[in-house]
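Presented below is the structure to which this report refers.
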Amino acid sequence: MREEDISYFNNREFKRILRSYEDALQQNRPIYMDADDLTDIAEYYMVNSQEEKANEAIGLAVSLHPDSVDPQVFLSRQEMFHDNMERAHEICNAIPDQDDREVKFLRAELLIREQRNAEALEILKTACESEKEEQDHFMYDTIGIFMDYMLYDYADSWCRKLKKTNPQYKGLPELEAEIKMCLGDYETAIRLLNEILDIDSYNIQAWNMLAESHFSKGSFEEAIDACQFALAINEEDFRATATLADCYYHTANYTKAHRFFQKALQSRQDDVLYHMDAVCLYQMGEYEKAMEQLENAGNIIGDDQEKQIYIAMQQATVASKLHRLDDALSYLKTVKSLIREKRALLDYEVLYGQVMLENGFPEKAKAHFESAFSKCEDSEKTALVIGIAYYEHEYYQDAANILSRLAEIPDSITANFALPYLALCYRHLEDRELYLKYLLLATKNCTDLTAQLFEEYFPGVKAEDLYFYAFKDAYGYFPKE
């Protein structure tokens, strides 16, 4: 369901309908409502992960309006989302009015779900050609289906058709910009959005999309500016608040990021937001609070095993930082019980080694790191992660031994990431020659990370100048050009 559909649930009229329905339930009064309204209520509950309530509302819709299309479409799509495709098709085929446009959309969506895109496209083309009076509306809704299933090339093609059919169609500029964003053409999206905002500077959707386009380009300052314009229009806007938090997170301004993640969480309980807020708190040294947010995330992820593994690994990391070794090992045990893929087992072995290092068991750490190497497909990346783990836990010589071998690999991007950490290892080991050697290489081959890691030692110094200031710090004078 697209944002413009979800936004209907904030509409005053829908809120009135929902309140009327819930009041009647609470007071045990008979309910008679239109099928469309009851289906909207069921959709609202589904969006908010309240499937039991959704089933109650749609059941009432079917009992009151057995021949109505919308409740049957809802039931078919519900079976589809539960991967009961045979039952979904049965419900679709049993709908009396097969010529209803919603049934045509449903049939196409079922085929897309089964990856029968060409068949779906033929159904939609034929249906569109039969639409005489509202062909532009049909095209717009078709594009929405393609967007829902990330078929952005199809969406782009149909958007061009819509633009040719009705260039003044309401919402078309925003839709065109959104498609360009999804295709990764951020420059075009930004141009289109600026054109929209030149006409309507209060278009909060456009400001949000502009912020997201700049964010995706890594232009965080521009993204922050766009978020602030959106929040000036509506200070409670969830989308702008969450994007702003994300911008501050990616610029390592964890205090501000935490503040806006907290604000976003007041509007919507979301496991990703809880997790990102936990990372902010971890970076701020607020480990107990970070653990609380991870627990909150864990409480709402349901049966998603991939997320369960990820959250448990983060909990193990925080517990280790708090030197609660038994708790950390308990979380790691949970992780291992959930693992079904080789990649996750590799991550488990590496994390286990990190926990052992942090809690003073380097030999046990070494055993798990060796196990990780035996399971890995990308030895360079694994070596980098393990080398950084030794560095972060102040085993500088061990880190240098691993990272120096990695740094010798020619034409390796992964090896370049080792350079600034290797320079820092030799700084701590007080080996000035190797420290400066690897720092010079790092400033040339890994600029951004080097600047970030050395900000603590040389605040405000640009990456290209770091070597000169480090040389002076080491020897008392600047090197000769």
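FYI, the numbering just counts along the sequence from 1.
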Pair [X] + [Y]: ring centers closer than 6.0 Å:
{"X": "Y282", "Y": "Y287", "answer": "yes"}
{"X": "F373", "Y": "F369", "answer": "no"}
{"X": "F9", "Y": "F14", "answer": "yes"}
{"X": "Y390", "Y": "Y396", "answer": "no"}

*Apply side-chain contact (heavy atoms from CB on, under 4.5 Å) to the pair M209 and R239, showing each step before the final yes or no.*
CA-CA 9 Å; M209 291 167 67; R239 188 174 174 183; 3.3 Å; yes
*Could you list the residues that satisfy salt bridge (Lys or Arg N to Asp or Glu O under 4.0 Å) with E195, not counting sequence neighbours?*
R191
*Working to the nearest 0.5 Å, report the span between CG of L453 and CG of L439.*
10.5 Å
*Y152 side, atom OH; C182 side, atom SG - distance, nearest 0.5 Å*: 4.0 Å
Does [X] pair with [Y] as a salt bridge, N-O distance under 4.0 Å?
{"X": "R16", "Y": "E13", "answer": "yes"}
{"X": "K180", "Y": "E187", "answer": "no"}
{"X": "D277", "Y": "K289", "answer": "no"}

*Check each of F471, Y469, Y467 against F478 using the ring-ring contact (aromatic ring centres under 6.0 Å, His included) test, and report the only one that passes.*
Y469
*For the residue pair F229 and W207, categorise the inter-ring angle as parallel (less than 30°), tilted (30 to 60°) or perpendicular (more than 60°).*
parallel
*Assign the ring pair Y352 / Y348 to parallel, tilted or perpendicular, where the plane angle (0 to 90°) is split at 30° and 60°.*
perpendicular
*Are F146 and L121 close enough, and set up right, to give a side-chain contact (heavy atoms from CB on, under 4.5 Å), and what steps lead you there?*
CA-CA 10 Å; F146 291 143; L121 189 59; 3.8 Å; yes
[X] and [Y]: side chain donor to acceptor below 3.5 Å:
{"X": "S320", "Y": "Q354", "result": "no"}
{"X": "H82", "Y": "E51", "result": "yes"}
{"X": "N55", "Y": "E52", "result": "no"}

*Would you call T334 and Q315 a side-chain contact if the rule is heavy atoms closer than 4.5 Å?*
no
*State, to 0.1 Å, how close Q305 and L338 come at their nearest heavy-atom pair, and which atoms those are.*
OE1-O, 3.7 Å
_Closest non-hydrogen atom pair, A442 against P420_ = CB-N, 3.7 Å
_Run the side-chain contact (heavy atoms from CB on, under 4.5 Å) test on L325 and F361 for me, step by step, so that the C-alpha distance in whole Å, both residues' side-chain angles and the decisive distance to 0.1 Å come before the verdict._
CA-CA 11 Å; L325 183 57; F361 298 98; 3.7 Å; yes
*Taking it one step at a time, do Y248 and Y254 satisfy ring-ring contact (aromatic ring centres under 6.0 Å, His included)?*
CA-CA 7 Å; Y248 286 129; Y254 297 113; over 10 Å; no
*Under 3.5 Å: donor-acceptor pair, side chain of D270, backbone of V272*: yes
*asked:* Between Y274 and I300, does the side-chain contact (heavy atoms from CB on, under 4.5 Å) criterion hold? Intermediate values first, please.
replied: CA-CA 10 Å; Y274 275 126; I300 61 175; 3.9 Å; yes
*Would the number of heavy atoms belonging to other residues, nucleotides or ligands and lying under 6.0 Å from NZ of K263 be above 12?*
yes
*Qualifying salt bridge (Lys or Arg N to Asp or Glu O under 4.0 Å) pairs, either residue in residues 291-313, two or more places apart*: D271-K307
